[in-house]
Each structure stands twice: as structure tokens, then as C-alpha cells.
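Report on one structure; see the data block that follows.
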Amino acid sequence: MAATAVVRRGTGRSGFHASQVRAGLVFILPYVIYFVVMQAGALAFAFWISLHRWDLLALENPFRGLENYTNLPENENFVIALRNTAYYAVVVTIVQTMFALVMAVLLNAKIRGSGFFRSTWYTPSVASTVVISIIFLWIYHPTGLLNSIISAVTGTQFQFTWLQDTRTALPAIMGLNIWTTAPTFMIVFLAGLQDIPRSVYEAAEVDGAGPVRRFFSITIPLLRPIIFLVVALGIIGTFQVFDQIQIMTTGGPLKSTLTVAFLIYQDVFKDQGQVGVACAMAFTLGVIIYVLTIVSRRYLDAKIDY
């Protein structure tokens with residue numbers, strides 16, 4: 001009894017000794033400091049800046065309250081950027097989700113050469129967005145690969161300026177994003193498909209359900225949590241698109257590829273340092289992403305028991 005009392009002395013309700021608790025706190029302390037200073041602190045400071053007329057070169061930054069936020073609907077560049085971003089996000093999120101799901105279903109069917117295709121198809125996803133964007137600059141060039149293929153198929157000299165035309169510049173960047181992001185989501189869907197019990201499909205097959213009926217009545221409902229994850233990640237990623245815009249079009253032509261993330265960068269570093277307005281845009285964008293994620297969870301997420 002005495003020995004047991006000695007061992008238990010200094011042990012809390014959780015069963016951990018006080019020295020173990022202190023050691024654990026020491027190990028997590030660097031991340032706690034990083035989070036407070038670099039994330040929570042920076043976020044709070046950015047919100048404080050958004051309430052001021054904050055310029056990089058100004059000696060005084062007067063308080064404006066919510067004026068930076070209420071003026072956003074009257075900001076022509078912000079309205080254009082938000083419209084472009086919303087269009088970009090809707091198209092890319094829907095297409096890449098559907099494409100990734102179809103490719104995952106095909107690979108899950110154990111077709112010949114699926115391992116090789118999976119590896120080669122996934123390669124662009126691990127490459128730098130800068131490198132991929134430069135490659136697509138060459139592909140979309142008037143004498144690049146895409147026009148060369150069209151010329152070979154049609155038998156005519158085709159030299160269209162994909163990134164210099166207001167009708168095709170943003171869709172061209174959409175194609176780039178879908179091609180590089182869909183393989184990542186394909187792997188996520190493939191993991192979800194392999195987690196579905198084979199017995200469920202066998203029971204449906206015995207009842208006479210064909211491949212299409214099994215896909216819509218079994219695969220889609222059981223993948224709803226995975227679909228929500230993919231859609232949520234797609235929304236977050238597409239609403240923050242920046243790299244491709246900066247490298248390929250810099251918001252042109254005629255603001256047809258101007259996005260909110262790129263506009264925030266311009267307001268801070270190029271437009272006389274309008275940091276207060278840029279922070280207001282950033283927080284507005286964050287609220288939009290949060291609301292859309294909650295809405296998608298409401299309609300897509302589900303807890304599956306099987």
C-alpha cells in the first residue's frame with residue numbers, strides 16, 4: 001500500500017505524472033507561441049488594419065470603422081474580381097469534382113494499366129504551380145502545342161491568342177487548374193471507393209441493379225462525406241487562386257482574369273499600399289469561403305453507417 005501511494009503521488013486525474021505534463025507543455029510551447037504570434041496575432045492585427053485608412057507610405061493611419069467594408073460594393077475592381085472569382089470557383093469545383101470521381105471509379109474497376117495511369121496522371125499535382133503555369137504559357141502560346149494540335153486536326157494554320165482574349169483567358173486558366181487538381185481528388189475518391197464493402201455491390205447486383213443504378217444508388221450516397229471534403233477543398237482553393245493569375249495574365253486582358261486574391265496583392269504592393277482596403281477584402285473573402293463551406297456541408301455531408 002505504501003509503495004502504491006508513493007507511485008501515485010503527484011499523479012493527476014488523467015493518470016499522467018506532473019513532470020510528464022510539464023514535459024508535454026514544453027514540447028507544444030513552440031507551436032503555441034507560433035500560433036499566437038504568427039497566426040492569431042497576425043489575424044487580429046489584420047482586422048485592426050481593416051478598420052483604418054492604412055497606407056504603407058502614410059505617416060498617420062486614421063480610424064475609419066467599417067467604412068472599408070461598406071465601400072466594397074462601390075469598388076469596381078472588387079466587384080469585377082468577385083464576379084470572376086465566383087465564376088471560376090463554380091466551374092472549376094464542379095468540373096474537377098465530377099472528373100475526379102469518374103476517373104476514380106474507372107481506376108477502381110481494376111482495368112489493365114491502372115497503376116501506371118494513376119502514377120502518371122498524379123504527377124502534375126505534385127509539381128510546382130509556377131512550373132505548371134510556365135508550361136501552360138507555352139501550350140497556350142499562338143505557336144504553342146494547343147494551336148499546333150488544332151492546326152494538325154483541321155489542316156489550317158490556327159494561331160489563336162488564348163490568354164490575350166477576354167473570352168478565353170479565364171477558361172484557359174480553369175483548364176489548367178482542373179488538369180492539375182483533379183488527380184489529387186481522384187486519389188481521395190479512390191480511397192473512399194475502396195472503403196465501401198464489396199458485399200453492398202454484390203447484394204445490389206443480385207437484386208438486378210446495373211452499373212449505372214449501382215453508381216447512383218450506392219456509390220454516390222456512400223461517398224457523400226468524401227464529396228463534401230472534395231467540394232470544400234475545391235471552394236477554398238479556387239476562391240484563393242493567385243499563382244496562375246500572377247504568372248500567366250496578371251489580371252488581364254481588360255480585368256477578365258482579375259480575382260479577389262490577386263486584387264488584394266495589387267492593393268497592398270502596387271496601388272500605393274492600400275493595406276486597409278486589402279485587409280477588408282481579405283476578411284470579406286474569408287467570410288464568403290466560410291459560408292459556402294457551411295452550406296456545402298449542410299447539403300453534401302452525411303454520416304454513413306454500413
Side-chain angles (χ1 to χ4, degrees), residues 31-56 61 63-94 96-97 129 170 173-174 177 180-181 184-185 188 227-247 250-251 255 257-301:
Y31 176 76
V32 172
I33 296 175
Y34 168 80
F35 175 79
V36 171
V37 176
M38 302 301 295
Q39 293 186 4
L43 189 66
F45 184 58
F47 181 73
W48 173 255
I49 291 176
S50 71
L51 304 177
H52 294 73
R53 188 186 183 279
W54 198 289
D55 297 342
L56 289 179
N61 299 296
F63 183 79
R64 302 182 66 176
L66 297 177
E67 187 176 345
N68 287 333
Y69 292 90
T70 57
N71 288 342
L72 287 182
E74 302 174 3
N75 188 325
E76 181 183 358
N77 286 337
F78 178 75
V79 173
I80 294 173
L82 186 59
R83 183 176 64 243
N84 291 339
T85 304
Y87 172 52
Y88 179 92
V90 169
V91 174
V92 172
T93 300
I94 293 176
Q96 73 184 8
T97 301
T129 56
L170 192 58
I173 299 177
M174 290 180 186
N177 201 317
T180 55
T181 309
T184 300
F185 293 148
V188 176
I227 295 174
F228 161 69
L229 173 64
V230 170
V231 170
L233 293 176
I235 291 173
I236 295 171
T238 52
F239 267 89
Q240 298 182 85
V241 60
F242 171 80
D243 299 12
Q244 297 89 340
I245 305 297
Q246 166 68 13
I247 296 170
T250 62
K255 303 179 183 179
T257 61
L258 183 66
T259 61
V260 177
F262 185 74
L263 180 61
I264 293 171
Y265 163 79
Q266 279 192 322
D267 279 356
V268 174
F269 297 105
K270 291 188 177 182
D271 190 15
Q272 299 178 355
Q274 300 293 329
V275 185
V277 177
C279 287
M281 291 181 187
F283 275 95
T284 302
L285 181 63
V287 171
I288 293 174
I289 294 174
Y290 177 77
V291 171
L292 291 177
T293 304
I294 295 299
V295 171
S296 63
R297 180 178 183 182
R298 170 67 177 82
Y299 290 100
L300 293 176
D301 197 11

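Position 1 is the first residue of the sequence, and the numbers go up from there. The structure presented is a predicted model; accordingly, all values stated were derived computationally and were not measured.
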Quick one, [X] and [Y] - any side-chain contact, counting heavy atoms below 4.5 Å?
{"X": "I173", "Y": "Y88", "answer": "yes"}
{"X": "M281", "Y": "V277", "answer": "yes"}
{"X": "L170", "Y": "V91", "answer": "no"}
{"X": "F47", "Y": "C279", "answer": "no"}
{"X": "F78", "Y": "L285", "answer": "no"}
{"X": "F239", "Y": "V260", "answer": "no"}

- Hey, what do you get for CG (L263) to CG (N75), rounding to the nearest 0.5 Å?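 Going from the CG atom of L263 to the CG atom of N75 covers 6.5 Å.
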- Separation between OG (S296) and CG (L233), nearest 0.5 Å, reads 10.0 Å
Test your reading of the model: is there a side-chain donor-acceptor pair from [X] to the backbone of [Y], 3.5 Å cut-off?
{"X": "Q246", "Y": "F242", "answer": "no"}
{"X": "T93", "Y": "V90", "answer": "no"}
{"X": "T129", "Y": "D243", "answer": "no"}
{"X": "N84", "Y": "L258", "answer": "yes"}

Identify the heavy atoms of [X] and [Y] that sit nearest to each other, and give their distance.
{"X": "T257", "Y": "G251", "value": "OG1-C, 3.0 Å"}
{"X": "A89", "Y": "T238", "value": "CB-OG1, 3.3 Å"}
{"X": "Q96", "Y": "T181", "value": "OE1-CB, 3.4 Å"}
{"X": "T250", "Y": "Q266", "value": "O-NE2, 4.5 Å"}
{"X": "L72", "Y": "A280", "value": "CD1-O, 4.0 Å"}
{"X": "V79", "Y": "P73", "value": "CG2-O, 3.5 Å"}

- Task: Test L66 against L51 for side-chain contact (heavy atoms from CB on, under 4.5 Å), laying out the working first.
- Result: CA-CA 6 Å; L66 297 177; L51 304 177; 3.9 Å; yes
- Message: Is there a side-chain contact (heavy atoms from CB on, under 4.5 Å) between I288 and T85? Walk through the geometry before answering.
- Response: CA-CA 11 Å; I288 293 174; T85 304; over 6 Å; no
Give a yes or no on this: more than 12 heavy atoms of other residues, nucleotides or ligands lie within 6.0 Å of atom [atom1] of [X].
{"X": "Q39", "atom1": "CD", "answer": "yes"}
{"X": "R53", "atom1": "CZ", "answer": "no"}
{"X": "F63", "atom1": "CZ", "answer": "yes"}

- Message: Tell me whether the rings of W54 and H52 are parallel (<30°), tilted (30 to 60°) or perpendicular (>60°).
- Response: perpendicular
- Apply side-chain contact (heavy atoms from CB on, under 4.5 Å) to T284 and Y69, showing your working. CA-CA 8 Å; T284 302; Y69 292 90; 3.7 Å; yes
